[in-house]
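One structure follows; several queries about it will come next.
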Amino acid sequence: MANLHAVILAGGSGSRFWPLSREMNPKQMLDVFGTESLLVGAVKRAASVCTGHAERAAGAQSHGAIWIVVGEALHDELRNHLKAHSELSRLDIRYVIEPCARNTAPALALAAATIKLKDPTAQIVMLPSDHICNDDDEWQSVIAAARTRAAAGDLVVIGLKPTAPITGYGYIKRGAEYPPDDRTLPDDSTPNAPSVYAVECFAEKPDEATAREYVQSGEYFWNSGMLVAGAKTIIAQLRIAGARYSGYGDDAGAHPAAEYSGKIASVAETLADAGPDAWKNDACRFLYADCPKVPFDTACLEVAEDVSVVAADLGWSDVGSLEALTNLQEPDEHGNTLIGRAVDVESHNTLSYAESGRVVATLGLKDVLVVDSADATLVAARERAQEVRRVVDALKACNMPEVAQSKTSLRPWGSWTMLVRMPGYHVKEITVLPGMRLSSQSHEHRAEHWIVAEGTALVTCNGGTITLHENESAFLPIGTVHRLENVGEGLLRVVEVATGTYLGEDDIVRYEDDYGRDSGSEGEHNDDRNDGREGSAT
């Protein structure tokens, strides 16, 4: 069978999860729902079915890789986030860096065209980066069944058996069931092979009464947003959808979202042929930016003829809004969910999430959610949790930096946390793991002061070295080539005070790096990311 590649769509900003998520630390990079982030979970889930990792280690020439689709601004931050997890280092993770955000149809098409160019017979499993989903034997069985159907030329979606009439999900109505294929039949050690059906239609988010009818009928599944298909099939079906609904035949104009589907396929193949280095030039940027912002469901799935659905029970959640936090803890007798240092008196049906370490106290509230992060607090009516992105829009209009950056960011060597941000100076805590070091770098516009709070640091400054212990410090003038390394057995904690007229992360020249980051790669898009509001700890 063809190689199975994974495409993880990771370009979303998670605006409905603010203030926990930010543009540079979106929902998929949060570890709120477990010991690892949603993105790390998605990568591990992909690796469990992606073919060829063992063969790659043995020197095979062809295998299925994990492709992460992400925008330019988030690419470095996301890559740092994954490099901070050493258990992922054995995986073949590659990046498809979108020239701009265009929704899932152009994103998937660009990935499919890129993969097809390298592996013409490849199959793809497309996964969102911000969902919760089991990766047990059931997951393996579902993907095996989907791959079999995809080999016949179908676009195969993963449908979740609904457990409640939820109005926030899209639904899939099943048609006729396909007979099981011998290759998907279980042996004694695997669960029953999942059922596979033709798709009769897709239904967008229904009202409550309609959702209840869907669930009671037994004919509908939740649309998980996961897809298995051949890379060639994805491109071909986009072209067919565009031809069918852009002015030809009896169905002309019946599905406006598919009008430009053929164009999306053509642009994706043009960019794939040009290669990723060319995507930064103005011509490629304009070509991709001219694609409509349209989901793959409406651009292709809802109008394609050869679409199947695999029935699955995977413990899935799309973590669609802050209401998902209620899954972390059982409510009290008054319906209040209190997480962290949250205290309540005489409230009903409230959600209080205290991430900052501060005490969050509520009194006499009803149907309210309170989410307190390290640098921002949201108070909203629970019924309007899906509208939090409107708050983000309002913050953007006020040029609030809390839209883009959170206080803490993972790095391959550890993490940094912004403690104080003021004009002319920033104060950070830098945590470096044992045996790890930052890149060798210099800055043109700022000086840095490093004070060791815990551990032992080796500081390189213009070729010389100095060892610093607790309560000792070093001053790094503007233009100094410098590096910080943890040479102790435990964590190294350093307080960094950066001073200067410009404190943006794009003020960095990198000379040597242990993590494959080129000079300037961390900051070349940062003036778009944060307008110079962050200091550097790379």
Side-chain angles (χ1 to χ4, degrees), residues 2-12 24-31 34-98 104 107-108 110-119 122-131 133 135 139 143 226-228 231 272 275-277 279 409-415 433 436 439 513-518 521-522 525 538:
N3 291 317
L4 180 65
H5 297 250
V7 172
I8 299 176
L9 302 183
M24 290 298 107
N25 189 45
K27 180 176 63 172
Q28 56 266 31
M29 290 163 60
L30 300 179
D31 59 3
T35 58
E36 61 189 22
S37 69
L38 298 172
L39 174 62
V40 170
V43 170
K44 290 182 177 180
R45 189 160 56 251
S48 72
V49 294
C50 199
T51 57
H53 286 291
E55 290 85 347
R56 178 170 66 93
Q61 297 298 310
S62 180
H63 62 276
I66 298 171
W67 303 76
I68 299 178
V69 184
V70 63
E72 288 181 328
L74 186 58
H75 169 234
D76 290 318
E77 198 76 22
L78 186 143
R79 183 179 58 169
N80 282 329
H81 178 85
L82 292 180
K83 282 182 176 289
H85 295 80
S86 58
E87 70 273 22
L88 304 181
S89 61
R90 67 177 182 84
L91 302 178
D92 184 2
I93 299 176
R94 310 179 190 183
Y95 295 90
V96 177
I97 305 174
E98 287 187 281
T104 59
L108 177 57
L110 183 59
T114 301
I115 294 169
K116 180 170 70 75
L117 196 65
K118 296 179 178 298
D119 188 354
Q123 288 185 332
I124 287 173
V125 54
M126 182 193 77
L127 305 175
S129 62
D130 55 357
H131 291 185
C133 183
D135 58 358
W139 166 251
I143 296 302
M226 295 183 281
L227 170 78
V228 177
D277 289 343
W279 299 354
S409 180
L410 288 179
R411 287 294 185 265
W413 40 260
S415 65
L433 299 169
M436 307 298 276
S439 60
D513 184 68
D514 294 342
Y515 315 105
R517 301 172 297 179
D518 296 331
S521 69
E522 192 118 55
H525 304 297
T538 60

*For W139, side chain to side chain donor-acceptor pair (under 3.5 Å) partners two or more places apart*: S48

_Close side-chain approach of P128 to M226, heavy-atom, < 4.5 Å_ = yes

*Heavy-atom closest contact (R94 atom, K118 atom, distance)*: NH1-CD, 4.0 Å

*Taking side chain as C-beta onward, heavy atoms only, is L74 less than 4.5 Å from Q28?*
yes

*Mind listing the closest non-hydrogen atom pair of L38 and H131 along with its distance?*
CD2-O, 3.9 Å

*Do L82 and V40 touch side chain to side chain, with heavy atoms closer than 4.5 Å?*
yes

_Ignoring hydrogens, what is the shortest heavy-atom contact between K83 and P412? Give both atom names and the distance._
CB-CG, 3.6 Å

*Heavy-atom side-chain proximity of D119 to H63 below 4.5 angstrom*: no

_Does the plane of the ring in H75 sit parallel, tilted or perpendicular to the ring in Y95? Use 30° and 60° as the thresholds._
perpendicular

*Please report the closest heavy-atom contact between L127 and A42, naming both atoms and the distance.*
CD1-O, 4.0 Å

_Main chain of A65, side chain of H5: is a donor-acceptor contact present, judged purely on distance under 3.5 Å?_
yes

*Would you name the heavy atoms of A10 and S129 that are closest together and state the gap between them?*
CA-OG, 3.3 Å

*Quick one: CE on M24 to CG on D76, what's the gap to the nearest 0.5 Å?*
9.5 Å

_Heavy-atom closest pair, residues A231 and I124_ = CB-CD1, 3.8 Å

_Quick check: do V69 and T104 have side-chain heavy atoms less than 4.5 Å from each other?_
no

